[in-house]
Amino acid sequence: MTSSETNTTTSMPGTSAPDPAELTAWFDAHARDLPWRAPTTTGWGVLVSETMLQQTPVRRVQPVWEEWMARWPRPSDLAAATQAEVLRAWGKLGYPRRALRLHEAASVIATEHGDVVPAEVDALLALPGVGTYTARAVAAFAYGRRAPVVDTNVRRVVARAVHGAGDAGPPAPKRDLADVEALLPADDARAAKMSAALMELGQTVCTVRSPACEACPISHDCAWQHAGRPAYAGPPKKVQRFAGTDRQVRGRLLDVLRGADGPVTREQLDAVWNDAGQRDQCLDSLLTDGLMEQTQDGRFALPGES
DNA sequence: AACGCGTGGGC
DNA sequence: TGCCCAAGCGT
């Protein structure tokens, strides 16, 4: 197949379609040597990496992923661990509910899928903590399936290269998926590589703040380039506050428990935040979320260690 | 469909 | 500094 056969929209005003051959050739030459990309990595290893990478940068994930793979090489290994062990091993990756959901997913995989991460998107979507992105990422990256992968990086690459916009607007799941679907070659292997290449391009070249267009393999065919790289003109992006939020308080409370050998007293938890009302509310929500437990004598502990 | 959910680093 | 950002998910 020639590139012209897949570039069906290049003649439309204001749009372009990246050439899969150019993108995948660039990926072969420039992809970072990330451990979960090793050919020996199992579906389990990919699922763990994708879960850890949800909203957490590669640099912080890498050492933790290595530890997890050495300690829990199969889903059944993780399933056999306690929640407290899992939460401590998760460390400070953030959003610790991801760790509990991955723990649950490991049990499901062990008992219902023969200890092998499923390759079908629908089966993956049924797992706790696996959403539309992660399901397709595992299908594509672990099993070489043609599954459109839409993350923040891909949305940005598509916004620029295809639509000529400075950045992606608010997520529009149906349209975003259709956009990527239209870019992928028909066969599994090349589609999977194209998905990986789109993500890698967005992470390392087509970045938010300082895109390295001179190093981009598809800049010659980029609608944003051709339009003179106009600034983002969409609705302003929502800013996530952190200082003073429950998220910060919960993080501090949980950090006390991670650092302790066993149950801690309420006084130890009281010390990390001075607003008693907010503190108690966060304590309650952590208990509700199953991220901590209260012992019979009224102390607090990570789940499964008391 | 917004919103809440951790943490750390870059500028 | 404070703000923005980082391979999302569940509700």
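Keep in mind that what you see is a predicted model, and the values were worked out from it rather than measured.
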>> Categorize A:R209 for me: base, sugar-phosphate, or nothing, with a 4.0 angstrom heavy-atom threshold over every strand shown.
In response: base
> With distance as the sole criterion, do the side chain of A:Q203 and the base of C:dA7 form a donor-acceptor contact below 3.5 Å?
Replying inline: yes
>> Counting distance alone, no hydrogens or angles: does the base of B:dT7 have a donor or acceptor under 3.5 Å from a partner atom on the side chain of A:R247?
In response: no
> From the list C:dA6, B:dT7, C:dC9, which nucleotide is the closest neighbour of the side chain of A:T134?
Replying inline: C:dC9
> A:K92 NZ to B:dC5 C1': how many Å, rounded?
Replying inline: 16 Å
> Rounding to a whole Å, what distance do you find between A:L47:CG and C:dG8:C1'?
Replying inline: 13 Å
>> If you define the side chain from C-beta out and look only at heavy atoms, does anything of A:W36 sit under 4.5 Å from A:M69?
In response: no
> If only atom types and distance count, is the side chain of A:D167 paired as donor or acceptor with the main-chain N or O of A:Y232 below 3.5 Å?
Replying inline: no
>> What is the separation between atom CZ on A:F242 and atom P on B:dC5, rounded to the nearest whole Å?
In response: 10 Å
> Over how many whole Å does the gap from A:L53 atom CG to B:dT7 atom P extend?
Replying inline: 17 Å
>> Can you confirm whether A:L183 sits close enough to A:D179 that some side-chain heavy atom of one is under 4.5 Å from a side-chain heavy atom of the other?
In response: no
> So what does A:R155 touch, heavy atoms closer than 4.0 Å: a base, only the sugar-phosphate, or nothing?
Replying inline: nothing
> Is it true that A:R299 and A:E267 make a salt bridge, defined as a side-chain N closer than 4.0 Å to a carboxylate O?
Replying inline: no
> Is there a side-chain contact between A:T56 and A:Y95 (heavy atoms, below 4.5 Å)?
Replying inline: no
> Between A:R37 (side chain) and A:R32 (backbone), is there a donor-acceptor pair under 3.5 Å?
Replying inline: yes
> Under 4.0 angstrom, heavy atoms only, what part of the nucleic acid is A:W90 near: base, sugar-phosphate, or nothing?
Replying inline: nothing
> Looking for any heavy atom pair under 4.0 Å, which part of the strands does A:S49 touch: base, sugar-phosphate only, or nothing?
Replying inline: nothing
> Using a cut-off of 4.0 Å on non-hydrogen atoms, how would the nucleic acid contact of A:R156 be classed: base, sugar-phosphate, or nothing?
Replying inline: sugar-phosphate
> Looking at C:dG8, B:dC5, B:dG6, which one has an atom nearest to any side-chain atom of A:P96?
Replying inline: B:dG6
>> Please determine whether any donor N or O and acceptor N or O are separated by less than 3.5 Å between the side chain of A:Y95 and the base of B:dG6.
In response: yes
>> Please classify the nucleic acid contact of A:K238 as base, sugar-phosphate, or nothing, using heavy-atom distances under 4.0 Å.
In response: sugar-phosphate
>> A side-chain contact here means heavy atoms from C-beta on lying under 4.5 Å apart; do A:L201 and A:V154 qualify?
In response: no
>> Quick check on C:dA6: is either OP1 or OP2 less than 4.0 Å from any side-chain nitrogen or oxygen of A:R59?
In response: no
> Of the nucleotides C:dG8, C:dA6, B:dT7, which one has an atom closest to the side chain of A:R258?
Replying inline: B:dT7
>> Counting only side-chain nitrogens and oxygens, does A:Q55 get under 4.0 Å of the OP1 or OP2 atom of C:dA6?
In response: no
> B:dG8 and C:dC9: how far apart are their P atoms, nearest whole angstrom?
Replying inline: 22 Å
>> Salt bridge or not between A:D255 and A:R252? Use side-chain N to carboxylate O under 4.0 Å.
In response: no
> Between atom CG in A:L100 and atom P in B:dC5, what is the gap in whole Å?
Replying inline: 15 Å
> For A:L177 and C:dG8, what is the distance between atoms CG and P respectively, to the nearest whole Å?
Replying inline: 16 Å
>> If you assign A:D246 and A:P57 each to the DNA chain B nucleotide with the nearest heavy atom, which residue ends up on the more 5' nucleotide?
In response: A:D246
>> Applying a 4.0 Å non-hydrogen cut-off, can you work out what A:G131 is touching in the nucleic acid: base, sugar-phosphate, or nothing?
In response: sugar-phosphate
>> Closest-nucleotide mapping onto DNA chain C: is A:E200 or A:L127 further toward the 5' terminus? I mean the 5' end.
In response: A:E200
> Say you pick atom P in B:dG4 and the same atom in C:dA7; how far apart are they, in whole Å?
Replying inline: 22 Å
>> Rounding to an integer number of angstrom, what distance separates B:dA1 and C:dA6 when you compare their P atoms?
In response: 24 Å
> With sugar-phosphate meaning primed atoms plus P, OP1 and OP2, does A:L254 contact a base, only sugar-phosphate, or nothing at under 4.0 Å between heavy atoms?
Replying inline: nothing
> Choosing from B:dT7, B:dG6, B:dG4, which nucleotide comes nearest the side chain of A:Q240?
Replying inline: B:dG4
>> Just to be sure I understand the rule, does A:L34 reach a base, reach only the sugar-phosphate, or reach nothing, if contact means heavy atoms closer than 4.0 Å?
In response: base
>> If you only use heavy atoms from C-beta on, which nucleotide in C:dA6, C:dG8, B:dG6 is closest to the side chain of A:R98?
In response: B:dG6
> Just checking A:T245: base, sugar-phosphate only, or nothing, at a heavy-atom cut-off of under 4.0 Å?
Replying inline: nothing
>> Need one value for A:V58: base, sugar-phosphate or nothing, where a base atom within 4.0 Å counts as base even if backbone is also close, heavy atoms only.
In response: base
> A:P170 near the nucleic acid: base, sugar-phosphate alone, or nothing, with a heavy-atom cut-off under 4.0 Å?
Replying inline: nothing
> Checking all strands, does A:T132 fall into the base, sugar-phosphate, or nothing category for heavy-atom contacts under 4.0 angstrom?
Replying inline: sugar-phosphate
>> In whole Å, I'd like the distance from the CZ atom of A:R250 to the C1' atom of B:dG4.
In response: 9 Å
> For the pair made of CE in A:M52 and P in C:dC9, what is the distance, rounded to whole Å?
Replying inline: 16 Å
>> Please pick, from B:dC3, C:dA7, B:dT7, the nucleotide with the shortest atom-to-atom distance to any side-chain atom of A:E50.
In response: C:dA7
